[in-house]
Amino acid sequence: MFGINLLNYMDRWVAASAGSAIQKELHISDSLFGLLGTAFLLVYALAAVPFGYWGDRGVRKTVIGVGVAIWSVATLFTGFAQNFTQLFLSRAAVGIGEASYYPSGTSLLSDYFPKEQRSRVMAIWGAGSTVGIAIGFAGGGYIAEKLGWRAAFFFAAVPGLLFAILAFQMREPLRGAAEQAGRAVQKTADASLRKFIDLLKIPTLRATIISQSLLFFVLAANAFWLPTYLQRRFELTQGSAGLLSGIVIVVGGLIGILAGGWLADRRALKTPKAHLEVGIVGFLAGAVLITLALLSPLNIGPIPVFVPLFGLTVVCLYLYSGPFTALAQNVVSPGLRASAVTLLLFISHVFGDSHSTFDVGLISERLGGNLQLALLITSPTLLILAAVAAATGLRSVKHDTEAMEEEWAARPHAGPTEEPALSR
């Protein structure tokens with residue numbers, strides 16, 4: 001699961017690290033290049049709906065395996081693109097495959113581990129994303145510089161085919177196997193369009209979705225444009241910009257994700273608000289730090305300035321990952337957990353980051369290619385709003401968690417119950 005998540009993000013961000021070479025060869029402007037990110041994210045959000053429904057109704061490891069195969073083949077074909085249209089379509093196809101993984105993967109892990117461990121489990125799983133981003137940036141930038149940008153996509157595609165085969169070999173746990181009360185079942189009939197929409201009536205889930213929609217704009221825009229920003233402002237080479245971006249994101253992301261999961265599980269022993277509190281603190285601190293980072297020079301004499309500040313920003317912004325993922329599972333019944341993640345992906349990507357890379361590219365164009373100002377206008381503002389949105393769930397989190405546990409324990413279940421959770 002960690003390995004697939006790594007590949008999920010590596011394939012996603014190879015295009016960003018090879019961006020300058022792609023733009024130069026195919027004569028693509030900033031706004032059009034940003035539109036490639038929009039193509040992936042918008043299709044990703046839309047495709048998550050049928051895959052999420054399949055995840056709650058079918059065998060989740062099969063959903064995952066099919067998706068990994070699709071996105072790996074699509075990544076391979078990206079390397080053969082001869083014009084913007086072909087590039088656009090291949091990146092959109094990557095979104096179709098990757099939409100399968102997160103809803104079913106989150107649901108699968110939630111049935112392997114109990115509520116008390118979920119923030120840490122989700123954090124460790126989520127750490128694969130930062131490693132993948134780093135490899136996509138650093139490896140993609142290096143390969144693009146040495147062998148050409150097409151080779152970067154070829155190298156990214158091959159491991160995914162192996163992991164697609166491995167995905168089909170995973171054990172499929174019973175739904176609800178890790179809950180303290182209630183019977184575990186192989187399948188439920190919970191998933192439906194009405195119940196999918198009704199999930200928005202859960203105040204805590206609604207708060208996390210709105211908060212992450214605002215956050216995702218910031219994360220996608222900064223990750224996508226960071227290599228180009230470093231090349232333009234500090235005159236770094238493509239390989240150096242990709243390597244530096246990768247190092248900052250992997251180190252900061254790993255620290256932030258793992259620390260956030262540990263802090264939330266530890267503080268949750270005292271208050272059910274812990275998961276939201278960790279995210280809120282991270283968003284507010286990140287708003288301050290990203291402003292300082294974007295205004296700072298690369299170095300002051302021999303002392304690095306930009307990298308430490310941006311690294312601390314990444315730490316803060318990724319504190320939310322494990323806690324918010326776990327919380328979204330804690331307030332939803334086991335039969336609707338993939339649907340809850342699907343709802344999150346759909347709203348957060350459609351309204352959050354699907355247009356963020358294009359928006360920042362367009363703002364940059366209107367400002368004469370000033371990426372620094374474009375990122376300064378958007379990032380701190382949206383992070384503060386993300387903190388405010390998350391805070392609206394503080395009053396409801398205890399009630400929503402207890403309501404889910406009571407409903408699952410009280411309902412009559414049918415189906416096999418003999419298979420235990422892995423953690424038991």
Side-chain angles (χ1 to χ4, degrees), residues 3-29 31-48 50-51 54 62-102 129 132-133 135-168 220 223-224 227-228 238 242 345 349 353-354 357-358 361:
I4 294 173
N5 206 28
L6 185 155
L7 293 174
N8 182 8
Y9 280 80
M10 182 181 75
D11 288 1
R12 190 181 303 187
W13 293 107
V14 162
S17 66
S20 295
I22 295 173
Q23 286 186 271
K24 183 178 180 180
E25 180 178 330
L26 300 182
H27 308 290
I28 298 174
S29 66
S31 58
L32 283 180
F33 188 64
L35 197 59
L36 292 178
T38 299
F40 164 79
L41 291 167
L42 188 58
V43 172
Y44 178 66
L46 295 173
F51 276 117
W54 186 15
T62 301
V63 180
I64 292 170
V66 169
V68 177
I70 292 173
W71 92 53
S72 299
V73 172
T75 299
L76 184 67
F77 276 97
T78 302
F80 293 109
Q82 298 298 315
N83 52 53
F84 175 78
T85 300
Q86 293 175 3
L87 197 64
F88 183 92
L89 292 175
S90 64
R91 295 313 290 169
V94 172
I96 295 174
E98 294 194 11
S100 73
Y101 181 59
Y102 194 56
S129 65
I133 292 171
I135 295 175
F137 275 149
Y142 179 81
I143 293 172
E145 187 174 306
K146 300 298 181 182
L147 302 176
W149 66 267
R150 299 180 188 279
F153 289 98
F154 298 150
F155 275 95
V158 174
L161 299 175
L162 172 62
F163 273 86
I165 296 171
L166 294 176
F168 289 105
F224 189 86
T228 304
Q238 181 173 286
L345 291 179
H349 289 307
D353 59 9
S354 66
T357 54
F358 173 77

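- Of the possible polar contacts, none joining the S72 side chain to the A69 backbone as a donor-acceptor pair under 3.5 Å is found.
- Between the side chain of R150 and the main chain of A81, a donor-acceptor pair closer than 3.5 Å is present.
- At least one donor-acceptor pair under 3.5 Å links the side chain of Q82 to the backbone N or O of F80.
- By the 4.5 Å heavy-atom criterion applied to side chains, L147 and F155 are counted as neighbours.
- A pairwise comparison of heavy atoms in F224 and P227 identifies O-CD, 3.8 Å as the closest pair.
- Looking at heavy atoms from C-beta onward, N5 lies in side-chain contact with N8 at the 4.5 angstrom threshold.
- A donor-acceptor pair under 3.5 Å is absent between the side-chain atoms of T357 and the main chain of D353, judged by distance alone.
- When all heavy atoms are compared, the tightest approach of A93 to I70 is O-CG2, 4.1 Å.
- Between I96 and F51 the shortest side-chain heavy-atom distance falls below 4.5 Å.
- For A156 against T75, the heavy-atom pair with the smallest separation is CB-CG2, 4.1 Å.
- Between Y102 and Y44 the shortest side-chain heavy-atom distance falls below 4.5 Å.
- With values rounded to the nearest 0.5 angstrom, I22 atom CD1 is found 7.0 Å from I28 atom CD1.
- When all heavy atoms of A18 and A144 are compared, the closest pair comes out as CB-CB, 3.9 Å.
- Taking the six-membered ring where the residue is Trp, the centroids of Y101 and F163 are separated by 6.0 Å or more.
- Closest approach of H349 and A45 over heavy atoms only: CB-CB, 3.4 Å.
- Below 30°, between 30° and 60°, or above 60°: for W149 and F153 the angle between ring planes is above 60°, a perpendicular geometry.
- Among V66, V63, V68, the single residue meeting the side chain to side chain contact (heavy atoms under 4.5 Å, CB included) criterion with S100 is V63.
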Could you check L161 against V73 for side-chain contact (heavy atoms from CB on, under 4.5 Å), going step by step and ending with a plain yes or no?
-> CA-CA 8 Å; L161 299 175; V73 172; 4.1 Å; yes
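- Here the side chains of N83 and L26 are not in contact, with every heavy-atom distance at 4.5 Å or above.
- Scanning all heavy atoms of the two residues, the minimum distance from A152 to G140 falls at CB-O, 3.9 Å.
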